[in-house]
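Worksheet: the structure to be examined is printed underneath.
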Amino acid sequence: MADSATAKLPIAKALNTALRNALESDPKVLVMGEDVGKLGGVFRITDGLQKDFGEERVIDTPLAESGIIGTAIGLALRGYRPVAEIQFDGFVFPAYDQIVTQLAKMHARSLGKVKLPVVIRIPYAGGIGAVEHHSESPEALFAHVAGLKIVSPSNADDAYWMLRQAIECDDPVIFFEPKSRYWDKGEVNASGIPGPLHAARVVRPGSDLTLVAYGPTVRTALQAAAVAQEEGRSVEVIDLRSISPIDFDTVQRSVEKTGRLVTVHEAPVFFGAGAEVAARISERCFYHLEAPVLRVGGFHSPYPPARLEEDYLPGLDRVLDSVDRSLAY
């Protein structure tokens, strides 16, 4: 897809197109990771890129996540813009030390003189029936670390534009891709003008309750709002899009209107991103709230085997139950 084209694409193809266009527009952009080259990635996000841009720009790395990120940091110090793929969410932890002690801190350590424009792409969350270490939601671990930007698209247009913006950013960005939504299709306007990378977006207006989600749970939130509408309840859905920083102003404006807030994410509720949203909005909107802020998410337990993940994930019924509880106050 050329930069001037508009097309209906799956999220996976939108990401592939974003990488292709970034590689075309800036010779300093590199793509690196396990099996990203000849194979095109396990989810085919990098399909065809090595063939068209060569092995020096689309690099198959060893199976060594710490080495991948350490090398990306070195490349960034030399003026490149590496886009590193972590093959699955649960594989990122060998690289956690490099990310939080080196990548996140270099800008502050150098008093602003050193910039590290590194993007780390991580397919995350569940819903694909995978084995252990393949369905984690570690976004809160990274959001707690100053110096990192954390984003997650929920639709194809955001997938394209947010990845382009992340690559152009001079700060390190952790780019969480909702793997269960890779094949969800949507309109992508590659010639449009994107909004701010870290701005939340109202994706369905409503007046009775605010439902905040991001990444894979935005679709669930929209489904819940549609069911609630059939029951005569008007639910406003906000796609948070950015987990660090968080656009609290957009959420605040909505809650001042609705008086109620429910947050949804696949990660465990305990110490999750929803807890930060709940705390900040409780502070900002204390006199507007008609009910306690409620949180819906995964359980505080290791991610279960595939046959149990439907019970673990916050599905439609659990979201609607919290909507009912909030509206009952």
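- The pair Arg260-Glu290 does not count as a salt bridge, with every side-chain nitrogen at least 4.0 angstrom from each carboxylate oxygen.
- A donor-acceptor pair is defined here as one N or O able to donate and one able to accept, closer than 3.5 Å; such a pair exists between the side chain of Thr46 and the backbone of Val36.
- Not one N or O on the side chain of Asp239 forms a donor-acceptor pair closer than 3.5 Å with the backbone of Val202.
- No salt bridge links Glu236 with Arg204; every basic N to acidic carboxylate O contact stays at or beyond 4.0 Å.
- With salt bridges taken as basic N to acidic carboxylate O contacts below 4.0 Å, one links Asp158 and Arg241.
- Within the 3.5 Å criterion, the main-chain N or O of Ala199 finds no donor-acceptor partner in the side chain of Asp247.
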Inset, instruction - Determine, stepwise, if the pair His134 / Phe91 fulfils ring-ring contact (aromatic ring centres under 6.0 Å, His included). - result: CA-CA 8 Å; His134 290 67; Phe91 299 175; 5.0 Å; yes

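- Side-chain N/O atoms of Arg20 and Thr17 include no donor and acceptor closer than 3.5 Å.
- Side chains of Ser326 and Asp324: no donor on one and acceptor on the other come within 3.5 Å.
- At distances below 3.5 Å, at least one donor-acceptor pair connects side-chain atoms of His107 with backbone N or O atoms of Val114.
- Looking at Thr71, its side chain does come within 3.5 Å of a backbone N or O of Gly67 through a donor-acceptor pair.
- Linking ILVMFWY side-chain heavy atoms closer than 4.5 Å, directly or via other members, places Tyr160 and Val119 in two distinct hydrophobic clusters.
- At distances below 3.5 Å, at least one donor-acceptor pair connects side-chain atoms of Glu309 with backbone N or O atoms of Gly129.
- The closest side-chain donor-acceptor pair between Tyr124 and Ser152 falls under 3.5 angstrom.
- With hydrophobic clusters built from ILVMFWY side chains whose heavy atoms lie under 4.5 angstrom apart, Ile243 shares a cluster with Leu15.
- Trp161 and Phe176 are assigned to two separate hydrophobic clusters, defined by single-linkage of ILVMFWY side chains at heavy-atom distances under 4.5 Å.
- Side chain to side chain, Tyr182 and Glu177 meet the donor-acceptor criterion of an N or O pair below 3.5 Å.
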Legend entry - From CA spacing to verdict: salt bridge (Lys or Arg N to Asp or Glu O under 4.0 Å), Asp208, Arg233: CA-CA 7 Å; Asp208 296 335; Arg233 295 166 170 179; over 6 Å; no

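- Remark: the backbone N or O of Ala95 is not paired with any side-chain donor or acceptor of Ser66 at under 3.5 angstrom.
- For the pair Arg318 and Phe299, the cation-pi test (distance below 6.0 Å, angle within 45°) is passed.
- Residue Ile122 is grouped with residue Leu30 when hydrophobic side chains (ILVMFWY) are merged at heavy-atom distances under 4.5 angstrom, including chains of intermediate members.
- Screening Leu75, Leu116, Asp170, Leu23 for a side chain to side chain contact (heavy atoms under 4.5 Å, CB included) involving Arg81 leaves a single residue, Asp170.
- In this model, a donor atom of one side chain and an acceptor atom of the other lie less than 3.5 Å apart for Arg109 and Gln102.
- His288 contributes no side-chain N or O that, together with a main-chain N or O of Lys257, makes up a donor-acceptor pair within less than 3.5 Å.
- A salt bridge links Asp249 to Arg284: at least one charged side-chain nitrogen sits closer than 4.0 Å to a carboxylate oxygen.
- Aromatic ring centroids of Phe43 and Phe88 lie under 6.0 Å apart.
- A salt bridge links Asp184 and Arg219; the closest N-O separation between the charged side-chain nitrogens and carboxylate oxygens is under 4.0 Å.
- Tyr214 and Leu148 fall within the same hydrophobic cluster, defined by Ile, Leu, Val, Met, Phe, Trp and Tyr side-chain heavy atoms under 4.5 Å apart, directly or through other members.
- Grouping Ile, Leu, Val, Met, Phe, Trp and Tyr residues whose side-chain heavy atoms lie under 4.5 Å apart, directly or via other members, places Leu211 in a hydrophobic cluster with Val203, Leu209, Val218, Leu222, Val235, Val237, Val262, Val264, Leu294, Val296, Val319, Val323, Leu327.
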